[in-house]
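Labels below follow one simple rule: chain letters A, B, ... track the order of the sequence lines, proteins then strands, and each chain is numbered from 1.
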Number of protein chains: 2
Amino acid sequence: MATLGDVAAKAHVSKMTVSRVINHPEKVTKELRDLVYAAMSELNYQPNFAAKALANNRTQIVKLFILERMDTVEPYYMNLLAGLADALDEKNYALQLMTKNSLDVGTCDGYVVTGMRNKDYGWLETVEKPIVLYGENQMGLDYVDTDNILGTRTSTNYAFACGYTTVVFVGINLPDSFAESREKGYTLAMAAHHAPPKVFQMDNRSHISDQVITKHFAEFPQNTCFVCASDRLAIGVERAVQHQGGQIPDDYGVIGFDGVFLDRIGSPQLTTIRQPVQKMGYETGRMVLHKIEENGAPQGHEVFVPTLVPRGTTRPPQEGQPK
Amino acid sequence: MATLGDVAAKAHVSKMTVSRVINHPEKVTKELRDLVYAAMSELNYQPNFAAKALANNRTQIVKLFILERMDTVEPYYMNLLAGLADALDEKNYALQLMTKNSLDVGTCDGYVVTGMRNKDYGWLETVEKPIVLYGENQMGLDYVDTDNILGTRTSTNYAFACGYTTVVFVGINLPDSFAESREKGYTLAMAAHHAPPKVFQMDNRSHISDQVITKHFAEFPQNTCFVCASDRLAIGVERAVQHQGGQIPDDYGVIGFDGVFLDRIGSPQLTTIRQPVQKMGYETGRMVLHKIEENGAPQGHEVFVPTLVPRGTTRPPQEGQPK
DNA sequence: TCTGGACATGTTATCGGTAACACAAGACAA
DNA sequence: TTGTCTTGTGTTACCGATAACATGTCCAGA
């Protein structure tokens, strides 16, 4: 494997010049730069990350804190991990997974944190390394998330567009910004349609939503659509409606949220609001790395637009209805 | 952060002695060793991986080749990844994911390969770095896998124990060792029960098994149990039987294989043969790292015992039947 | 013509480890 | 007593990059 020195020799310059071409190209004259570039590609130069890390006093580690109880088989997290790992690997960073049990704030270059509750914010103050959150927050911290309000607003509007006359929200009872935003998107859309909101809140588990909907089934007239805060909840709702003899999508509609694997389970498959989770994970990774490179400079936030995926649990939009 | 030098100073020895205590403790007298250990724990010494990598001429990268078409949302792979990443992170190795598209055999310290077909073996010869396979093989290559034969033998026996009188195998049509072993476990068990085997083979997709079973449904008398080579297939079978009006588990049984998330989807939940996928991934990671440390010395193979998870798609074992 | 500063490039020391070699002390055979 | 071998420890150089500093060149202004 070619080293800086090899490139330097081939280009008849010093190692330092090659290093500058890589890190501060504007400080080198164009002629030398081109020489160096030529030599690099000729030797197929690949930087040695260990050497770079050592010289820069970096650990090449980013820690991921998942503050909520995590189900290791949950595809949502797996996708997040995949995206994150992807971004980190590009720069040869290692990802260390920390769970609630092992909150070891040991040596590393930066943090990604997800599953923040309001009470967790104090803890963050104690950390001095670059942090990026996965999930919206109101504390001015850098984050990546999907537009949760837009998501449920979209699904609620779509429910009306499909001709359902009653639209109910099945939400998550967490004191978490994303849960509130998803409910808010629903209530905003209901207000725009001059329709009275009806909200249920529960743990994010399919058998819970199954129970709740079964219990209240008498309250739901035909032509009701259930807008859910997650696919997991939606799956339980779908099951409950079917067991009660409700016809999906003809008499009842169900719309989920997330679009990560679960939506394709069961039949009919779920109409859902899809988040590009893997891509979001990737961008989160890029954001921490940037922040590390820039010595902790604020990165702002990046919000992804969720997309509606129409499938079997809603009937087609009605003619003449606003989309 | 304390360095080797700090520890050396505190223990009044040279850096080299400390390094030896870490890597070749048998070459240092007990007195010095204890001194060094004391100094290390007093300073809470953590080795610097970048420095170690640089000195050892390592890249701290392991590449994972997934040779079959991978569905990034497939929980099976995600679990494998999680376990693998876990093991690698412990030694501060980075995991690089290579797919069929980008088979770049670039710089790294070792490889993990999964989804091998027989035709892929030639390609492996060209690589000189340590390799460990995830998945059994007959070429004498080091690998980690579950005992596939035992798995389907267990599920087949269990089907009889539950009192089902006809047992059918729903298999995967891949020229892959694991697919053959799962079928073999079934045929062995059938022979032991003096029952005629009946095998179907198809792509590993739930809607395919759904179609196939629907089409052949007339051939299956009541009291038939479907032993499947994967949970994915089993889910399709369950759906087909239910649509055809078959009662699960009273008249028909279904047993899956894998036990990674999918088995908990749908109702009733699947009786399945569970592989400890994450643990297996972890051990695969450990194995490559060992092999790297030992300069490519053979590691043999590690076979995990799968466990039967009885759930709703089979009725309870009959009294007096052999377990 | 001389001085000083801006700019481009090279030299040196350093990051934290490890291998290879050097060296000293004790054991033992001739 | 001397020579050789073994064993335990220290010294030195080096892995591949970078920051800090040193040097050299050019040009502007006095």
Side-chain angles (χ1 to χ4, degrees), chain A residues 1-37 39-40 43-61 91-94 106-109 292-295, chain B residues 1-37 39-40 43-61 91-94 106-109 292-295:
Chain A
M1 203 81 284
T3 71
L4 256 198
D6 301 338
V7 175
K10 168 141 276 180
H12 303 292
V13 298
S14 72
K15 283 166 53 174
M16 206 53 223
T17 301
V18 179
S19 172
R20 280 199 195 94
V21 169
I22 295 170
N23 298 300
H24 314 283
E26 77 284 357
K27 299 191 152 186
V28 179
T29 52
K30 185 159 184 325
E31 297 99 62
L32 282 195
R33 231 184 304 161
D34 291 343
L35 266 178
V36 170
Y37 283 135
M40 290 201 313
L43 294 172
N44 184 28
Y45 170 72
Q46 303 286 119
N48 180 314
F49 287 97
K52 186 173 267 194
L54 182 59
N56 286 331
N57 200 15
R58 292 264 165 75
T59 61
Q60 302 289 114
I61 299 176
K91 293 283 192 299
N92 224 255
Y93 266 73
T107 330
C108 69
D109 296 340
I292 291 170
E293 257 179 32
E294 296 168 8
N295 295 309
Chain B
M1 203 82 285
T3 71
L4 256 199
D6 301 337
V7 175
K10 167 142 277 180
H12 303 293
V13 298
S14 73
K15 282 167 55 175
M16 206 50 224
T17 300
V18 179
S19 172
R20 273 197 274 263
V21 168
I22 294 169
N23 298 300
H24 315 283
E26 77 285 356
K27 300 192 153 185
V28 179
T29 53
K30 185 160 184 326
E31 297 98 62
L32 283 194
R33 229 183 306 158
D34 291 343
L35 267 177
V36 170
Y37 282 135
M40 288 199 318
L43 295 173
N44 184 30
Y45 171 72
Q46 304 286 120
N48 180 314
F49 288 97
K52 187 173 266 196
L54 182 58
N56 287 332
N57 201 13
R58 293 263 164 75
T59 62
Q60 301 288 113
I61 299 176
K91 294 282 190 299
N92 224 258
Y93 266 73
T107 330
C108 69
D109 295 341
I292 290 171
E293 257 180 32
E294 297 168 8
N295 295 309

Determine to 10° how strongly the helix from C/dT1-D/dA30 to C/dA30-D/dT1 is bent, judged from the axes of its five-pair ends. 60°

Reckon A/Asn23 has a side-chain N or O less than 4.0 Å from the OP1 or OP2 of D/dT18? yes

What nucleic acid atoms does B/Tyr45 come within less than 4.0 Å of, heavy atoms only: base, sugar-phosphate, or nothing? sugar-phosphate

Within this structure, what is the [atom1]-to-[atom2] distance between [X] and [N], rounded to whole angstrom?
X: B/Glu26; N: D/dT9; atom1: CD; atom2: C1'; value: 15 Å
X: B/Leu32; N: D/dG10; atom1: CG; atom2: C1'; value: 12 Å
X: B/Met16; N: D/dT9; atom1: CE; atom2: P; value: 12 Å
X: B/Leu35; N: D/dG8; atom1: CG; atom2: C1'; value: 15 Å
X: A/Asn57; N: D/dA20; atom1: CG; atom2: P; value: 12 Å
X: A/Met40; N: D/dA17; atom1: CE; atom2: P; value: 11 Å

Mapping B/Leu54 and B/Thr17 onto DNA chain D by nearest heavy atom, which one lands closer to the 5' end? B/Thr17

Non-hydrogen side-chain atoms of B/Ile22 and B/Met40 separated by less than 4.5 Å: yes

A/Gln60 vs A/Asn92 side-chain heavy atoms within contact, under 4.5 Å: yes

Nearest 0.5 Å, please: how far is CG in A/Asn56 from CG in A/Asn23? 7.5 Å

First contact, last contact: which nucleotides of DNA chain C are these for chain A, 5' to 3', heavy-atom distance under 4.0 Å? C/dA8 to C/dG16

Could you please name the option among D/dC15, D/dA17, D/dT18 that lies closest to any side-chain atom of A/Thr3? D/dA17

Counting only side-chain heavy atoms from C-beta out, which of D/dG16, D/dG10, D/dA20 sits nearest to B/Val13? D/dG10

Could I get the full list of side chain to side chain contact (heavy atoms under 4.5 Å, CB included) partners for A/Asn295, not counting sequence neighbours? A/Arg58

Shortest non-hydrogen contact from B/Gly5 to B/Lys15? CA-CG, 3.8 Å

